[in-house]
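Indexing begins at 1, ligand by ligand and atom by atom, following the structure's order. Count residues from 1 along the sequence. Just so it is clear, the model here is predicted, and its values are computed rather than measured.
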Amino acid sequence: MKLAIHGGEPVRTEPFPSGKDIGAEELALVTEVIESKRLCLHGGEKVPLFEARFAEHYGVRHCTASTSGTSALHVAVGGINPNPGDEIITAPITDMGTIVAILAQNCIPVFADIDPDTYNVSPASISERITDRTAAIMPVHLFGNPCDMDAIMRIAREHNLHVIEDTSQSYGTMYRGRRAGTIGDIGSFSLQQSKHITTGDGGLTITDDDALGERIHLFANKGWPNYSALGAREYRIFGFCYRMTELTAAVGLAQLPKLDRITAGFNWAGDLLTEKLQGIPGIQPPITTPGGVHTYWHYALRVDEQELGMSNVEFARACVAEGAPCGAGYIGCPIYMYEALRKKNIYGDTLFPFDSKEYGSGHEVPYEEGYCPEAERALNEMASLHVNQYFTEKDIQDMADIVHKVAEHARD
Ligand SMILES: Cc1ncc(COP(=O)(O)O)c(C=O)c1O
């Protein structure tokens, strides 16, 4: 059989299902907001209601809504209130928003290498990166797969560190019976368009800790505690203006009841695809963290070029020609190799905070090739397929047939 990339018949010409569950429910609530003429959370009711419902859904006491996943992480860092120059250990394969949140508080991102099976930060590497400057660990539950949270929490307790879970890509993800985002001190979520549920852009930060919950809420609203109070304003702490609008919260309120169904659909589709992709030489389907439930925001395969006879880029091109949406890699390189980080040039033409007196001398964060070798290798071998809540068994079978066909004929 000839691969479509070489002029053969593609396995599938009909597009795979895509789209978002956005419709009448969102429209009705947005209309309510427009008719109320109250678009800001000050005096509005949709933002506080969305925060309360999301907190309830996740079984925690506090939730602060904000403008993006990046701001949701920034308010989390503001919540723990580290000193400038403190180090926060995080993942080398993530979105830049994770790193922005650390640098925006003038902290130093330190990168732990990944576990090559799960692509998540390895607890052993986290342990190796701890110094006297470490203030927190920010594990990223990558692609919907939970981090090894038991080990991470053990390390955090031993060293008295905060844990902020970056759960942006991992709605519905479970770890040993607990929801990702509720295991550390704080969990952060993104509502950006590509996520399991979306408001276009937006963020949510949750915690069960009353003091953190209060500080996070203040930090997202310029330190201003009481939206509806009459009289003089009070600014209790330094903070940013990251308020979610009533319009955004209206969409979020309509999205939330759909969340469990959507993530269950991703999980079902991804797990079934994995079953159908076992035993293909040169192709490693995603490996769910032991004790985890994976919600497959990306369905990342590992391509062994030697064994398959094709690189991840060639494999992705061949899959696309057969009719499957597929991309090579995720981010182009580990996040520390992007220019601004590699050059440590964040503010103006300085090296602040890396050369600050607060960080002090004698510390080294080598943002260059070789810092996290497993992450570097994984990105060069990764190919991402996509599943979603609309996939039927036939869609999954077609996707599996595409991978099998490409693998069998890779050397033709
Ligand atoms: C792991 C991770 N962290 C942080 C972010 C930042 O979220 P946002 O784009 O909503 O600011 C994203 C979004 O893509 C993400 O995937």
Side-chain angles (χ1 to χ4, degrees), residues 20 50 54 63-79 88-105 107 109 111-112 114 118-121 136-147 149 152 163-173 175 180-181 184 186-206 219-220 240-245 248-249 251-252 255 263 266 286 289 294-300 327 329-336 338 340-341 372 375 378-379 382 384 386:
K20 290 280 169 191
F50 184 33
F54 194 79
C63 174
T64 294
S66 59
T67 51
S68 68
T70 305
S71 56
L73 285 162
H74 187 191
V75 300
V77 177
I88 298 184
I89 300 176
T90 190
I93 304 182
T94 187
D95 179 87
M96 189 56 88
T98 315
I99 314 310
V100 167
I102 297 171
L103 285 165
Q105 284 308 101
C107 290
F111 296 93
I114 60 159
T118 64
Y119 308 127
N120 280 322
V121 270
I137 306 171
M138 197 186 275
V140 178
H141 303 293
L142 196 71
F143 302 152
N145 199 19
C147 294
M149 290 306 292
I152 291 173
V163 175
I164 298 170
E165 295 174 70
D166 183 345
T167 326
S168 301
Q169 305 177 357
S170 295
Y171 290 94
T173 298
Y175 177 78
I186 304 175
S188 287
F189 298 80
S190 165
L191 289 160
Q192 180 269 339
Q193 179 75 30
S194 69
K195 301 305 188 300
H196 294 96
I197 56 168
T198 182
T199 58
D201 272 308
L204 296 158
T205 309
I206 60 173
F219 194 85
F240 287 70
C241 186
Y242 282 148
R243 293 187 298 256
M244 181 177 277
T245 73
T248 305
V251 177
Q255 287 276 284
T263 55
F266 272 78
T289 302
H294 197 318
T295 55
Y296 300 102
W297 178 71
H298 272 200
Y299 186 94
Y330 160 50
I331 51 174
C333 58
I335 205 93
Y336 54 81
Y338 283 96
L341 287 177
C372 296
L379 285 170
M382 192 181 286
S384 292
H386 295 277

Which of the numbered atoms in ligand 1 are under 4.0 angstrom from any heavy atom belonging to [X]?
X    : result
T94  : 1 (C)
S190 : 7 (O), 8 (P), 10 (O)
L73  : 4 (C)
V140 : 1 (C)

Which residue and atom name correspond to the protein heavy atom nearest [atom], and how close is it?
atom                   : value
atom 6 (C) of ligand 1 : D95 OD2, 3.4 Å
atom 3 (N) of ligand 1 : D166 OD2, 2.7 Å
atom 8 (P) of ligand 1 : G69 N, 3.4 Å

Item to check | Ring centres under 6.0 angstrom apart (Y330, Y119) | outcome: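 Here the rings of Y119 and Y330 have centres that are no less than 6.0 Å from each other.
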Checklist entry - Are H294 and F143 near enough that their ring centres are under 6.0 Å apart? => result no
Among [options], which one puts a heavy atom closest to [atom]?
atom                    : options          : answer
atom 14 (O) of ligand 1 : H298, Q169, K195 : K195
atom 11 (O) of ligand 1 : L191, T70, T98   : T70
atom 4 (C) of ligand 1  : S194, S168, S68  : S168

Next on the checklist: Below 3.5 Å, N or O to N or O, backbone or side chain included: is there any such pair between W297 and ligand 1?
Outcome noted: no
Checklist entry - Quick check: does Q192 get an N/O under 3.5 Å from an N/O on ligand 1? => result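 No, no N or O pair falls under 3.5 Å.
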Checklist entry - Taking atom types as modelled and ignoring hydrogens, do the side chains of E165 and H141 form a donor-acceptor contact shorter than 3.5 angstrom? => result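 Note: E165 and H141 side chains meet the donor-acceptor criterion.
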Next on the checklist: Rounded at 0.5 Å granularity, tell me how far OG in S170 sits from OH in Y175.
Outcome noted: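 Between atom OG of S170 and atom OH of Y175 there are 14.0 Å.
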Checklist entry - Do the side chains of Q105 and I88 get nearer than 4.5 Å, heavy atoms only? => result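 Counting from C-beta outward, I88 and Q105 never come under 4.5 Å.
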Next on the checklist: Let's go through V75 and I186 carefully: what are the C-alpha distance in whole Å and the side-chain angles of both, what is the deciding distance for side chain to side chain contact (heavy atoms under 4.5 Å, CB included) to 0.1 Å, and is it a yes or a no?
Outcome noted: CA-CA 10 Å; V75 300; I186 304 175; over 6 Å; no
Next on the checklist: Consider ring pair (Phe, Tyr, Trp, His ring centres under 6.0 Å). Of F266, Y296, F189, which one does H196 pass it with?
Outcome noted: F266
Item to check | Nearest non-hydrogen partners of I93 and L142, listed with the distance | outcome: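 Heavy atoms of I93 and L142 come nearest at O-CD1, 3.3 Å.
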